[in-house]
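A quick write-up on the structure given underneath.
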Protein chains: 2
Amino acid sequence: MSEMAEKNSNTEQNILEAAKVVFVAKGMDGARMQEIADKAGINKALLHYYFRSKDKLFEAVFVEILSKLIPDISELLLSELPLFEKIRKFTQHYIDTIRENPLIPVFILHELNREPEGIARTFKSMGIQPQIFIDEIKREIEKGTIVPIDPLHLIVNLLSMCIFPIVAQPIMQHLIFEENGEAYSAFLEQRKKEVPEFIINSIRKK
Amino acid sequence: MSEMAEKNSNTEQNILEAAKVVFVAKGMDGARMQEIADKAGINKALLHYYFRSKDKLFEAVFVEILSKLIPDISELLLSELPLFEKIRKFTQHYIDTIRENPLIPVFILHELNREPEGIARTFKSMGIQPQIFIDEIKREIEKGTIVPIDPLHLIVNLLSMCIFPIVAQPIMQHLIFEENGEAYSAFLEQRKKEVPEFIINSIRKK
DNA sequence: TTTACTTTTGACCACTTGGTTAAACTATAT
DNA sequence: ATATAGTTTAACCAAGTGGTCAAAAGTAAA
């Protein structure tokens, strides 16, 4: 009885969890195997027993993060709501999601430019299909519901306004709120309403 | 004749230049003193002769980057153009600026969350004053030129749509253009017109 | 209990890292 | 020339790194 990968042996899952925290916080280069081992409450050699090397462990973590993130995005884009409602829902849900793990986007971007080839391969293996959403926007333009606009720019605008203010919190918080974390938190909360209205206001045909 | 700091002794400037490239590309943790020395064409010990330690060298680089970036931002916000024109100019200039050093924002964000205390101090020492721009927006609202909107959200929206698409290029390029770098480059070029119109379209009173 | 196996550990290693030091080089002033 | 000061180098070091290994500890079937 040791054919299949069976019950992700707890220890293995502990390691992955600890590794995720450390890697995301410090990046591949800043992360130490010892710290991961400590955080998982095990011996350092065990890390190499389950995952052969630091690189392998990192990749496992990276894959896990991506494969949780990507379906999350796709799901919403494919729902059946009217466009404006979809924009509202997406913004709200997406801002919340990123706020739960605010370090992940910068982590991904930093690692992506540290080692473009390897990471890109991982990325490619799991597909995102924005085409359906693009088509939906085109249809609304034809219907005359919204102003003519390149759907790509609209999507990028939407993503930008959701993601950037969260990842840039350490800067923004200082620039506009003098290190008042709660004020910035409230600010992000407001954005769940402000952003969709800002967008809709721009594209709605009057 | 060795009282003043006089002519930034060439070597020192070479080191700073090399260090900037390496630090920005690999981050503090990923950067190697040896690589910086090689890139500067000098012995590794010279790094420690001019800058005492890796930390000191890093801080020098970080300060240099910030002190070039910040006036660049302030300048435009304080010019005398009408609001819409200012938004157009800002977008165009800012997108170009960031495209010249696309790695810097992620570098700053990554380092900022690696060591919030130390970096924040550096940040604080050089002030940015968004208040003037905020007041200008408020005035336009009172005048009735633009729709009532929280100036902070407007500013953050503007920054987001400028910065994010550039720093996220490695992801976006894959997601929407299948690794076609030139297509994405053209896309960013378009944004210099699309973004300001998108914003103005949203806030202009009709 | 014995056997066979997986899991876990402590001790260890080769190598890289940032950093030091003493000596060599350079140029200027006397 | 030669003393003086700043600059540059090669060789070196201690600490930390990812990684290994053989043995111990656990586990379950025979």
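Not measured: the values here are computed from a predicted model.
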query: What ring-ring contact (aromatic ring centres under 6.0 Å, His included) pairs are there with at least one residue in residues 67-88 of chain A, not counting sequence neighbours?
result: none
query: Who are the ring pair (Phe, Tyr, Trp, His ring centres under 6.0 Å) partners of A:His153, not counting sequence neighbours?
result: B:Phe187
- request: Go through the structure and list residues passing salt bridge (charged side-chain N to carboxylate O under 4.0 Å, His left out) with A:Glu64, not counting sequence neighbours.
  value: A:Lys20
task: Quickly work out the A:Ile36 CD1 to D:dG19 C1' distance and round it to whole Å.
output: 14 Å
query: Hey, does A:Tyr50 reach any base, or is it just sugar-phosphate, or nothing, if we go heavy atoms under 4.0 Å?
result: sugar-phosphate
query: In whole angstrom, what separates A:Phe51's CZ from D:dT20's P?
result: 16 Å
message: Could you tell me how far apart A:Ile15 (CD1) and D:dG19 (P) are, to the nearest whole angstrom?
response: 14 Å
- request: Kindly say whether A:Ile95 contributes a backbone atom to a donor-acceptor pair with the side chain of A:Lys192 at under 3.5 angstrom?
  value: no
A:Leu46 CG - C:dT9 P separation (whole Å): 5 Å
Please list, one pair per line, the donor and acceptor atoms closer than 3.5 Å that link side chains of residues 160-175 of chain A to other protein atoms, with sequence neighbours excluded.
{"from": "A:Ser160", "atom 1": "OG", "to": "A:Val156", "atom 2": "O", "distance (Å)": "2.6"}
{"from": "A:Gln169", "atom 1": "NE2", "to": "A:Gln173", "atom 2": "OE1", "distance (Å)": "2.7"}

- request: Specify the separation, in whole Å, of atom CG of A:Asn14 and atom C1' of C:dT8.
  value: 14 Å
message: Mind checking if B:Leu47 touches a base, just sugar-phosphate, or nothing, with heavy atoms under 4.0 Å?
response: nothing
field: Residues which pass salt bridge (charged side-chain N to carboxylate O under 4.0 Å, His left out) with A:Arg114, listed by chain and number, not counting sequence neighbours
entry: A:Glu111
task: Check whether any side-chain nitrogen or oxygen of A:Thr11 sits under 4.0 Å from OP1 or OP2 of C:dT7, and answer yes or no.
output: no
Between the protein and nucleotides 14-21 of chain C, which nitrogen or oxygen pairs are less than 3.5 angstrom apart?
{"from": "C:dT17", "atom 1": "OP1", "to": "B:Arg32", "atom 2": "NE", "distance (Å)": "3.1"}
{"from": "C:dT17", "atom 1": "O3'", "to": "B:Arg32", "atom 2": "NH1", "distance (Å)": "3.3"}
{"from": "C:dG18", "atom 1": "OP1", "to": "B:Ala31", "atom 2": "O", "distance (Å)": "3.3"}
{"from": "C:dG18", "atom 1": "OP1", "to": "B:Arg32", "atom 2": "NH1", "distance (Å)": "3.3"}
{"from": "C:dG18", "atom 1": "OP1", "to": "B:Lys54", "atom 2": "NZ", "distance (Å)": "3.1"}
{"from": "C:dG18", "atom 1": "OP2", "to": "B:Met33", "atom 2": "N", "distance (Å)": "3.2"}
{"from": "C:dG18", "atom 1": "N7", "to": "B:Lys44", "atom 2": "NZ", "distance (Å)": "3.1"}
{"from": "C:dG19", "atom 1": "OP2", "to": "B:His48", "atom 2": "NE2", "distance (Å)": "3.2"}
{"from": "C:dG19", "atom 1": "OP2", "to": "B:Lys54", "atom 2": "N", "distance (Å)": "2.6"}
{"from": "C:dG19", "atom 1": "N7", "to": "B:Lys44", "atom 2": "NZ", "distance (Å)": "3.1"}
{"from": "C:dG19", "atom 1": "O6", "to": "B:Lys44", "atom 2": "NZ", "distance (Å)": "2.5"}

